[in-house]
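Below is one structure; the comments refer to it alone.
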Amino acid sequence: MTAQPVITFVVPVYNTERYLDRCVESLLAQTIEDFEIILVNDGATDSSPIICERWRLRDRRIRVITQKNGGLSAARNTGVEHARGNFIGFIDSDDYVKAQFAEVALTNFDDNDDQIDLVALGILDRYPDKESVSTPFRKGCVPYEEFFRLALIGQVPGSVCNRVFRRSALTTVRFRPGRYYEDMFFTGDCVGQIRKACFDLEPLYIYDHRPGSITTGHFSPGALDCIHSAESCVKIAESMSKDVKVAARFRATWSRYNVLDRMLQSDTGNDIRYRELKQAIIRDLRGRTKEVIASPNFSSGRKLAAVALLFSERAYAYATSFKTGVR
């Protein structure tokens, strides 16, 4: 391949042999043809490397890079270093996209506005028993500070996988290796690097939620990065507008509820390693009750659960057992 492609799809691959064909097939089915796919074999131990090589031989637009296992962030960073397209998209190998994904994203990069560095599309969340769209359709372009605020409060998806970036905007920013919730870390780290962002939230990215993943499963130590990534955004927001500060504070509070809920689902109260941590999170959240109740960003179900937590952990667990409306 000698001509420069318009867009590069970076696909980190680690032990996703069951899903990899579906992912690659969805990319090859795009309504545009001027793209390249970089499959980053991140030390996979299943048949994924064989599948990658088979696809490389079938289509000249596919490249395969093999490295020692370094995690999702390291694999994405490798893809960025080798990307040749003017734009970059990050696709998880156990997910897939609809055929219009690239075309719709590229259409939103206005030729008359070269300050647009990011376009975010919508996500269809697919679970074993249902599917849903968490963010309603909206379309527009805003300064990145406003996009950051919207991502913090969940008005645009927090994932990086539904976004396409101008490659020149990623010259100095990279994903943080070894961290979970890397997408929220990255969203904050893009402050000062991304000038303007557009969103066109038609759900064209299919996020396949698998049981036991770090972002949807029960508690594990890596889940604490949910709090750490939110606190990173709080620090970044210190020099920004009041609205962004409020959004970052919301995210920090929400992250604590997220971790606490997982702890309760995993029954970590019987694990001495986490008992003190859980109590510290509960004390922190009790101190935030008034702002939770006053916040327009928390649902009525979450506000009820916050009040219940003032009484006891058991009352809180009962309140959050009603899944509807608890955000």
Side-chain angles (χ1 to χ4, degrees), residues 123 125-135 151-159 179-185 187-188 207-234 246-327:
I123 295 177
D125 292 292
R126 181 160 289 169
Y127 300 89
D129 59 344
K130 65 176 182 178
E131 58 183 41
S132 63
V133 178
S134 58
T135 50
L152 288 169
I153 62 175
Q155 292 300 306
V156 296
S159 172
R179 305 306 296 261
Y180 295 104
Y181 290 87
E182 57 282 315
D183 288 2
M184 186 50 63
F185 279 115
T187 298
Y207 182 9
D208 202 350
H209 292 260
R210 293 186 291 153
S213 73
I214 191 66
T215 55
T216 60
H218 288 182
F219 178 78
S220 66
L224 293 175
D225 269 347
C226 183
I227 295 176
H228 299 152
S229 63
E231 288 300 327
S232 174
C233 290
V234 168
V246 170
R249 175 75 176 180
F250 161 79
R251 185 76 188 193
T253 303
W254 174 89
S255 69
R256 286 160 171 77
Y257 282 124
N258 180 279
V259 171
L260 177 60
D261 291 350
R262 292 175 186 228
M263 285 182 156
L264 295 177
Q265 293 168 10
S266 303
D267 194 25
T268 58
N270 296 325
D271 192 327
I272 193 171
R273 295 175 298 170
Y274 304 124
R275 191 177 303 161
E276 184 176 340
L277 173 62
K278 183 174 72 171
Q279 291 306 313
I281 292 174
I282 290 174
R283 287 193 299 270
D284 189 342
L285 286 172
R286 284 172 173 166
R288 298 172 184 243
T289 304
K290 288 184 179 180
E291 65 183 87
V292 171
I293 294 173
S295 172
N297 297 315
F298 283 109
S299 68
S300 57
R302 178 57 69 188
K303 293 177 181 181
L304 176 63
V307 173
L309 187 60
L310 293 174
F311 291 92
S312 70
E313 179 184 318
R314 179 174 294 182
Y316 174 81
Y318 180 76
T320 56
S321 66
F322 299 97
K323 300 296 184 184
T324 303
V326 179
R327 176 186 179 188

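Bear in mind the structure is a predicted one, so any value in this text is a computation, not a measurement.
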Interatomic distance, Asn297 atom CG to Thr253 atom OG1 [nearest 0.5 angstrom]: 10.5 Å
Which atom of Ala247 lies closest to which atom of Ile153, heavy atoms considered: CB-CG2, 3.6 Å
Check: Val246 and Phe250 side chains under 4.5 Å, non-hydrogen atoms: no
Atom of Pro157, atom of Thr135 and distance for their closest heavy-atom approach: CG-OG1, 3.6 Å
Derivation and outcome, side-chain contact (heavy atoms from CB on, under 4.5 Å), residues Leu224 and Phe219: CA-CA 9 Å; Leu224 293 175; Phe219 178 78; 4.1 Å; yes
From SG (Cys233) to CE (Met184), nearest 0.5 Å: 5.5 Å
Main-chain N/O of Met263 paired with Ser266 side-chain donor or acceptor, under 3.5 Å: no
Geometric cation-pi criterion, Lys278 with Tyr274: 6.0 Å, 45°: no
Minimal non-hydrogen separation, Ala319 against Ala305, with atom names: CB-CA, 3.8 Å
Exam field: side chain Ser295 to backbone Val292, donor-acceptor pair closer than 3.5 Å: no
Closest heavy-atom pair and its distance - Tyr257, Ala306: OH-CB, 3.2 Å
Distance (rounded to the nearest 0.5 Å) between Thr289 OG1 and Arg286 CZ: 8.5 Å
Tyr316: which of Leu304, Val307, Ile282, Leu260 passes side chain to side chain contact (heavy atoms under 4.5 Å, CB included): Leu260
Residue pair Ile123 / Tyr207: nearest heavy atoms and the distance that separates them: CG2-CB, 3.7 Å
Inter-residue atom distance Trp254.CH2 - Ile227.CD1, 0.5 Å rounding: 10.5 Å
By salt bridge (Lys or Arg N to Asp or Glu O under 4.0 Å) - contacts of Asp125 (at least two apart): none
Main-chain N/O of Ala252 paired to Arg256 side chain as donor or acceptor, under 3.5 Å: yes
Ser229 side, atom OG; Tyr180 side, atom OH - distance, nearest 0.5 Å: 13.5 Å
Least distance between heavy atoms, Arg262 atom then Ala223 atom: CD-CB, 4.4 Å
Atom pair CZ/CZ of Arg283 and Arg288 - distance to nearest 0.5 Å: 13.5 Å
